Amino acid sequence: MHFLVLRRVFPPALLAMNHHGIASMGLAIPSRYLDVRDLADLRGVDPNKYTKGLGCHEMALCAEGEDVVTLAAAAARRAIERWGGPLSDLGLIAVGTETAKDMSRPLSAFVAEDLGLDGHVRSYEVKHACYGGTLALRQALEWRASGASGPKAALVIASDVALYAPKDPGEPTQGAGAVAMIVAEPRIAEVDLRSEAYAKPVFDFWRPVGESFPKVDGPLSLECYNLGAERTFAALAGDRPVADLVGEFEALCFHVPFPKMVKKAVMHLGAANGWDEPTTAGLFETKVMPTMEDNRRVGNAYTASLWISVARALRGLQAGQRIAAYSYGSGFGAELLTLTAGKDAAAAAWAADLEADLAARRRLSADDYQAWRGA
Ligand code: CAA
């Protein structure tokens, strides 16, 4: 079994005409972190369970004064600065999150207030668990493509703080972070208008009103995540073998609850398509694993997780090279997107954000963490 390498390389000038996508990007993570081996010591668990069993390394944690809004605003400021346009050129701000601060007031209003963004702008929050950021991006893209935007650009942000109850089995998968994107001309990447969605109403992960921590049916979430991947890849491949579709991409990005969950989905995709195990494992190692380098240091940032992986995968690509992005949100909704690198991908200006934040953050001890969580 071989994956055909079918690269479609477009000249940059052609990419910019009547195409829409990511013009600029900014990322932000909080200033504290815990090594999962310290959490393992605290909870009396073999650290290999977290590092090898789940594939996690570190989890980003908020310090006093940091939250979903400060992360979103920090990422947005970085994206806006690189974009270079005035705030008045933004006609839409949409924030995907499952860390809502209010049942009525959208998170976008908190962020817009912080940025000083008001006037002729559509402002709203999108909720669909970890899928909300992708939905916000799709809406912005389709708003641009419809012509309703006029010349205006959109500011799309995926921002979350993922915390489980202390001692919950999901505790080693915690994390936090934000990715902001200016949706306009595809300087960094064109997001192809065609995508494939798949949804099924289930309770695999949910947080009832008034509760601080989610409830999770872990095995069901894994089953739904795998099903979404199988169905969306098959739908996008159409009459072609899925292996041919996969062969078009330099990288395959996934929503990353924890890296082992992604590996299981890739192995499931291989089994569903009759690939032999070494081939699928090779695909995972070469095209998927490298995209999760930053996720392993940030943890699950819910809506931002997929886009942290996409930001990593786009680094250094030449214009015309393509990647795929599989979005999953519990409840459940899934969507497979494809992106084509633009002329600014090679320079990867946004890479400086995580490099700076990772270098500056402070490692908490197990005692610090226990004192903070109260357990
Ligand atoms: N050394 C190496 N590996 C070990 C080990 C050791 N000492 N001990 C255990 N392991 C391995 C296990 O074999 C297992 O690996 P496999 O699955 O490959 O067999 C792995 O470590 C985990 O072990 P368990 O399944 O026993 O772990 P657990 O019961 O404590 O569950 C969990 C941990 C898998 C994280 C579980 O809590 C879970 O499923 N959590 C939720 C998953 C999730 O995030 N779902 C949502 C997905 S989508 C999302 O992000 C939500 C959204 O839309 C907002």
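Atoms within each ligand, like the ligands themselves, are counted from 1 in listed order. Since this is a predicted model, take the numbers as computed values, not measurements.
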For ligand 1, find out whether one of its N or O atoms is nearer than 3.5 Å to an N or O atom of Lys49.
yes
Give yes if a backbone or side-chain nitrogen or oxygen of Cys130 is under 3.5 Å from a nitrogen or oxygen of ligand 1, and no if not.
yes
Step by step, would you call Glu335 with Ser195 a side chain to side chain donor-acceptor pair (under 3.5 Å)?
CA-CA 7 Å; Glu335 190 156 342; Ser195 64; 2.6 Å; yes
How close does the nearest protein non-hydrogen atom get to atom 47 (C) of ligand 1, and which residue and atom is it?
Met261 CE, 3.4 Å
Single-linkage hydrophobic cluster Val298~Leu163, side-chain heavy atoms < 4.5 angstrom:
no
Considering the heavy atoms of Glu98, write down every atom of ligand 1 situated less than 4.0 Å from one of them.
52 (C), 54 (C)
Identity and distance of the protein heavy atom lying nearest atom 39 (O) of ligand 1
Gly218 CA, 3.3 Å
Give me the residue, atom name and distance of the protein heavy atom closest to atom 19 (O) of ligand 1.
Lys264 NZ, 4.3 Å
of all protein heavy atoms, closest to atom 1 (N) of ligand 1 is Asn48 CB, 3.4 Å
Between Arg361 and Glu58 (salt bridge meaning N to carboxylate O under 4.0 Å), is one present in this structure?
yes
Give the ring-plane orientation class for Tyr198 versus Phe332, where under 30° counts as parallel, over 60° as perpendicular and anything between as tilted.
tilted
Restricting to non-hydrogen atoms, name the atom on Ala136 and the atom on Gly96 that form the minimum distance, rounded to 0.1 Å.
CB-N, 4.5 Å
What protein heavy atom is closest to atom 14 (C) of ligand 1, reported as residue, atom name and distance in Å?
Gly53 O, 4.4 Å
Considering only protein heavy atoms, which is closest to atom 46 (C) of ligand 1, and at what distance to one decimal place?
Ser221 OG, 3.6 Å
Kindly check if the number of other-residue, nucleotide or ligand heavy atoms within 6.0 Å of CZ (Arg37) is above 12?
no
Ring geometry between His255 and Tyr328 (parallel below 30°, tilted from 30 to 60°, perpendicular above 60°)
parallel
Parallel under 30°, tilted from 30 to 60°, perpendicular over 60°: which one fits the rings of Tyr302 and Phe205?
perpendicular
Polar-atom distance check: Ser330 versus ligand 1, any N or O pair below 3.5 Å?
yes
Protein non-hydrogen atoms only, distance under 4.0 Å: does atom 41 (C) of ligand 1 have such a neighbour?
yes
For ligand 1, note which part of Leu222 has a heavy atom under 4.0 Å away: side chain, backbone, both or neither.
neither
Heteroatom distance test (Tyr302, ligand 1): nitrogen or oxygen, under 3.5 angstrom
no
So among Tyr225, Phe249, Tyr131, which one has a ring pair (Phe, Tyr, Trp, His ring centres under 6.0 Å) with Tyr326?
Tyr225
Residue pair Ser24, Trp350: steps toward the side chain to side chain donor-acceptor pair (under 3.5 Å) verdict
CA-CA 8 Å; Ser24 161; Trp350 65 90; over 6 Å; no
Output yes when the distance from some N or O of ligand 1 to some N or O of Asp46 is under 3.5 Å, and no in every other case.
yes
Residue pairs passing the salt bridge (charged side-chain N to carboxylate O under 4.0 Å, His left out) test with at least one member in residues 155-178, sequence neighbours excluded, are Arg43-Glu171
Could you walk me through whether Thr303 and Glu98 pass side chain to side chain donor-acceptor pair (under 3.5 Å), step by step?
CA-CA 7 Å; Thr303 53; Glu98 55 183 294; over 6 Å; no
Does atom CZ of Phe203 have more than 12 heavy-atom neighbours from other groups under 6.0 Å away?
no
Give the C-alpha distance, both sets of side-chain angles, the deciding distance and a yes or no for side chain to side chain donor-acceptor pair (under 3.5 Å) between Glu230 and His268.
CA-CA 8 Å; Glu230 180 189 332; His268 175 84; 2.7 Å; yes
Using a strict 4.0 Å cut-off to heavy atoms of Asn300, name the atoms of ligand 1 that fall inside it.
50 (O)
Of all the heavy atoms in Tyr225, does at least one lie under 4.0 Å from an atom in ligand 1?
no
The atoms of ligand 1 lying under 4.0 Å from a heavy atom of Gly170, numbered in the order shown, are 37 (O)
Decide if atom CD of Glu277 counts as having more than 12 heavy atoms of other residues, nucleotides or ligands within a radius under 6.0 Å.
no
Within ligand 1, which atoms have a heavy atom of Phe258 less than 4.0 Å away?
34 (C), 35 (C), 42 (C)
For Ala129, the ligand 1 atoms whose distance to one of its heavy atoms is below 4.0 Å:
52 (C), 53 (O), 54 (C)
Shortest protein heavy-atom distance from atom 22 (C) of ligand 1, along with the residue and atom involved
Leu54 CD2, 3.7 Å
To the nearest 0.1 Å, how far is atom 37 (O) of ligand 1 from its closest protein heavy atom, and which atom is that?
Pro169 CB, 3.3 Å
What atoms of ligand 1 come closer than 4.0 angstrom to any heavy atom of Gly329?
53 (O)
Using a strict cut-off of 4.0 Å, indicate which atoms of ligand 1 neighbour a heavy atom of Tyr328.
48 (S)
Which ligand 1 atoms does Tyr164 reach within 4.0 Å, using its non-hydrogen atoms?
44 (O)
Exercise check, heavy-atom protein proximity under 4.0 Å to atom 27 (O) of ligand 1
yes
